[in-house]
*Asks:* 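A single structure is presented below for examination.
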Amino acid sequence: MTFAYAEEAIHVHDSGHLSDREIARATGAAPSTVREWLARRSAPSGVRAERLVELSSLVERLARVIRPTYIPVWLNKPIPALDDDKPIERIAAGDYRAVARLISGLEDPGAS
C-alpha cells in the first residue's frame with residue numbers, strides 16, 4: 001500500500017484547514033476512515049483517492065486567493081454560480097470542473 005495518498009490527506013487537512021468530516025464529505029469516506037489516513041494507518045484508493053487529489057488541487061488553488069483558514073467556510077457555502085450547491089458537495093459528486101471554473105474566476109476576476 002502506498003501512503004502517498006495518506007500524505008495528500010494530511011496536506012489537505014493542514015494547508016486547507018479541513019476537518020476529518022469535511023475531507024470525508026468530499027471523498028465519500030467515513031470520518032473514521034479519514035482519521036486512519038491522517039494517522040498514516042491506511043490510504044485511500046480508487047474513487048476516494050481520485051476525489052482526494054481533486055480536493056487537494058482545489059485547496060492549493062484556493063490558498064493562493066483566499067485566507068487558508070477561510071477555505072472550509074468557502075467550500076461549505078451555497079454558491080449561486082453552482083445553483084446554490086456547496087462546492088464540497090460538487091466535489092463529492094465528481095464535479096471537479098465546475099468548482100475549478102469557479103476558482104478560476106477568483107484567480108483572475110477580470111476573466112469571469
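Every value quoted in this text rests on a predicted model; they were computed, and no experiment measured them.
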*Asks:* Side chains of I79 and R90: closer than 4.5 Å at any heavy-atom pair?
*Replies:* no
*Asks:* Enter the distance from K77:NZ to I88:CD1 here, rounded to the nearest 0.5 Å.
*Replies:* 14.5 Å
*Asks:* Say whether, by atom type as modelled, one donor and one acceptor occur between the side chain of S56 and the main chain of L52 under 3.5 angstrom.
*Replies:* no
*Asks:* If you define the side chain from C-beta out and look only at heavy atoms, does anything of E107 sit under 4.5 Å from R61?
*Replies:* yes
*Asks:* Check I23 against A9 and note the closest heavy-atom contact, atom names and distance.
*Replies:* CD1-O, 3.9 Å
*Asks:* Applying side-chain contact (heavy atoms from CB on, under 4.5 Å), run through I71 and H17 and close with a yes or a no.
*Replies:* CA-CA 7 Å; I71 291 172; H17 300 270; 5.8 Å; no
*Asks:* Are any side-chain N or O atoms of S104 and backbone N or O atoms of A100, one a donor and one an acceptor, separated by less than 3.5 Å?
*Replies:* yes
*Asks:* Restricting to non-hydrogen atoms, name the atom on L106 and the atom on L62 that form the minimum distance, rounded to 0.1 Å.
*Replies:* CD1-CD2, 4.1 Å
*Asks:* Answer yes or no: is there a side-chain heavy-atom contact under 4.5 Å between P80 and D84?
*Replies:* yes
*Asks:* To check you understand the geometry: which heavy-atom pair defines the closest contact between V59 and S15, and what is its length?
*Replies:* CG1-OG, 4.0 Å
*Asks:* Flag the pair R35 / S32 as yes when at least one side-chain heavy-atom distance between them is below 4.5 Å, and no otherwise.
*Replies:* yes
*Asks:* Determine whether E50 and Y5 satisfy the following criterion, side-chain contact (heavy atoms from CB on, under 4.5 Å), listing intermediate values before the conclusion.
*Replies:* CA-CA 9 Å; E50 188 177 326; Y5 286 102; over 6 Å; no
*Asks:* Checking N76 side chain against P72 main chain: does a donor-acceptor pair fall under 3.5 Å?
*Replies:* yes
*Asks:* Hydrophobic clustering (ILVMFWY, side-chain heavy atoms < 4.5 Å, transitive) - are L55 and V47 grouped together?
*Replies:* no
*Asks:* Considering only heavy atoms from C-beta outward, does the side chain of V65 approach that of W74 to under 4.5 Å?
*Replies:* no
*Asks:* So R48 and W37, side-chain contact (heavy atoms from CB on, under 4.5 Å) or not? Walk me through it.
*Replies:* CA-CA 11 Å; R48 289 178 180 162; W37 301 345; 4.2 Å; yes
*Asks:* With a 4.0 Å cut-off on N to O distance, would you call R25 and E22 a salt bridge?
*Replies:* no
*Asks:* Which atom pair, heavy atoms only, marks the closest approach of S42 to A6?
*Replies:* O-CB, 3.5 Å
*Asks:* Could you check whether any side-chain heavy atom of L75 comes within less than 4.5 Å of a side-chain heavy atom of L18, counting everything from C-beta outward?
*Replies:* yes
*Asks:* Mind listing the closest non-hydrogen atom pair of R51 and I91 along with its distance?
*Replies:* CD-O, 3.0 Å
*Asks:* What are the two closest non-hydrogen atoms of R41 and F3, and how far apart are they?
*Replies:* C-CE2, 3.9 Å
